[in-house]
Engineer: 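Here it is, the structure in full.
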Amino acid sequence: MAMAASISLPRTSPSPRSLASIPSFRSSFCSTLQLDSIGKNSARRRSPRLSVSVTSAGLHFTEKASSLSFLERRESGFLHFVKYHGLGNDFILVDNRDSSEPRITPEQAVKLCDRNFGIGADGVIFAMPGVNGTDYTMRIFNSDGSEPEMCGNGVRCFARFIAELENLQGRHSFTVHTGAGLIIPELQDDGQVKVDMGEPILKASDVPTRLAPNADESVVKSDIEVDGVTWSVTCVSMGNPHCVTFGNKIDQNLQVDEINLAAIGPKFEHHEMFPARTNTEFVQVFSKSHLKMRVWERGAGATLACGTGACAVVVAAVLEGRAGRNCTVDLPGGPLQIGWNEQNNHVYMTGPAEVAFYGSVPLQ
Ligand SMILES: N[C@H](CCC[C@H](N)C(=O)O)C(=O)O
């Protein structure tokens, strides 16, 4: 796929009105940058467009004719997107509200996620119409083209994306149908997003894992041999499978920064004990309320953060007696606040979601 991407950097933080009200830069392959100051339905409104020339003397702005508003341009062959990240776990967000079929294929997602030949991302996330009474549906393709059931950092980005696309009439929360079931994000006044991630799934066959379950059908502190080393693992699903480890027979107190994820991660991901592959979290315990983790994600590799993984880590830490139900989980991209509610058995995740840039790319 030939990439002639254009990117747009928000001059101001997006207002809840419409993404189309955000000025955008269009970088082209000539020396001129075009700044589209765009208005909603600007196809009808002659909003001005500024052209920015880059010379050795600096930037020069000149008024130009209007252009279609950013996300409303529907010319065929182009994909308009917003690049978001949750603690550096980054996603291409696509406005797919007009269809229940993703606008791009998994094969196209792989190319768009490529960090050299594409936009670069850990995945592509689609905002789609709700089903069975939910407000929206979220689907996601990993950067390898596989489709996971859920994505924690991604659903926080999804929530902020929806708030930009739609006037929520003052609502701060809405329902999202996902492969992991009903997920409810809440936009907080401080810009963070709190998500009800639902209940953890512990039954071995539902994670799924082939590891021998304990009497209560869960896999807690079970041994698994990976590359000749016996690791102690606890398996938890947050809709997607997670294998959480605090150490192995050689090293019971992991220093997670010293782990060679690229070497060991794929061996867990593709292990025969995980028929749907697995995300793998390596965890260090600082205190009963402070954990540190690194993750090798199924279908995405080493990422800077994993929201479902952080939830699985706290559940595993509680089950292993290593931590309490409310923890700060430090990830390479930053901290998440995780709470596993004893009353309703739901796990709650709170963290940021930020726009990196706006863009459009031709699709072949
Ligand atoms: N790679 C994961 C999906 C994304 C999960 C992660 N990015 C998160 O924030 O939860 C999987 O295949 O299950």
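Values reported hereafter were calculated over all heavy atoms of this structure, with side chains retained and with hydrogens, waters and symmetry mates removed. One-based numbering, in listed order, for ligands and for the atoms of each.
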Engineer: Quick one: which residue pairs count as a ring-ring contact (aromatic ring centres under 6.0 Å, His included) with a foot in residues 174-230, not counting sequence neighbours?
Structural biologist: Tyr136-Phe174

Engineer: Taking the side chain from Asp206 and the backbone from Pro208, do they hold a donor-acceptor pair closer than 3.5 Å?
Structural biologist: no

Engineer: Short list, please: which atoms of ligand 1 are under 4.0 Å from a heavy atom of Gly152?
Structural biologist: 8 (C), 9 (O), 10 (O)

Engineer: Suppose I only count heavy atoms of Cys306 and a 4.0 Å limit; which atoms of ligand 1 are within that range?
Structural biologist: 6 (C), 8 (C), 9 (O), 10 (O)

Engineer: Answer whether the closest heavy-atom distance between the side chains of Thr134 and Val176 falls below 4.5 Å.
Structural biologist: no

Engineer: How long is the gap from CD1 on Ile125 to SG on Cys151, to the nearest 0.5 Å?
Structural biologist: 5.0 Å

Engineer: Report the nearest protein non-hydrogen atom to atom 9 (O) of ligand 1: residue, atom name, distance rounded to 0.1 Å.
Structural biologist: Gly307 N, 2.8 Å

Engineer: Considering only protein heavy atoms, which is closest to atom 5 (C) of ligand 1, and at what distance to one decimal place?
Structural biologist: Glu297 OE1, 3.4 Å

Engineer: Can you pull out the closest protein heavy atom to atom 10 (O) of ligand 1? Residue, atom name and distance to 0.1 Å, please.
Structural biologist: Thr308 OG1, 2.6 Å

Engineer: Could you pull out all residues at least two apart from Lys249 that satisfy salt bridge (charged side-chain N to carboxylate O under 4.0 Å, His left out)?
Structural biologist: Asp223

Engineer: Between Asn142 and ligand 1, find which residue part has any heavy-atom pair under 4.0 Å and reply side chain, backbone, both or neither.
Structural biologist: side chain

Engineer: Within ligand 1, which atoms have a heavy atom of Asn153 less than 4.0 Å away?
Structural biologist: 8 (C), 9 (O)

Engineer: Judged on heavy-atom distance to atom 7 (N) of ligand 1, which of Leu331, Asn89, Thr303 sits nearest?
Structural biologist: Asn89

Engineer: Please state which part of Met150 comes within less than 4.0 Å of ligand 1, counting heavy atoms only: side chain, backbone, both or neither.
Structural biologist: backbone

Engineer: Less than 6.0 angstrom separating the ring centers of Trp296 and Phe282, yes or no?
Structural biologist: no

Engineer: Flag this pair as yes if the NZ/CZ of Lys194 is under 6.0 angstrom from the six-membered ring centre of Tyr348 and inside a 45 degree cone about the axis; otherwise no.
Structural biologist: yes

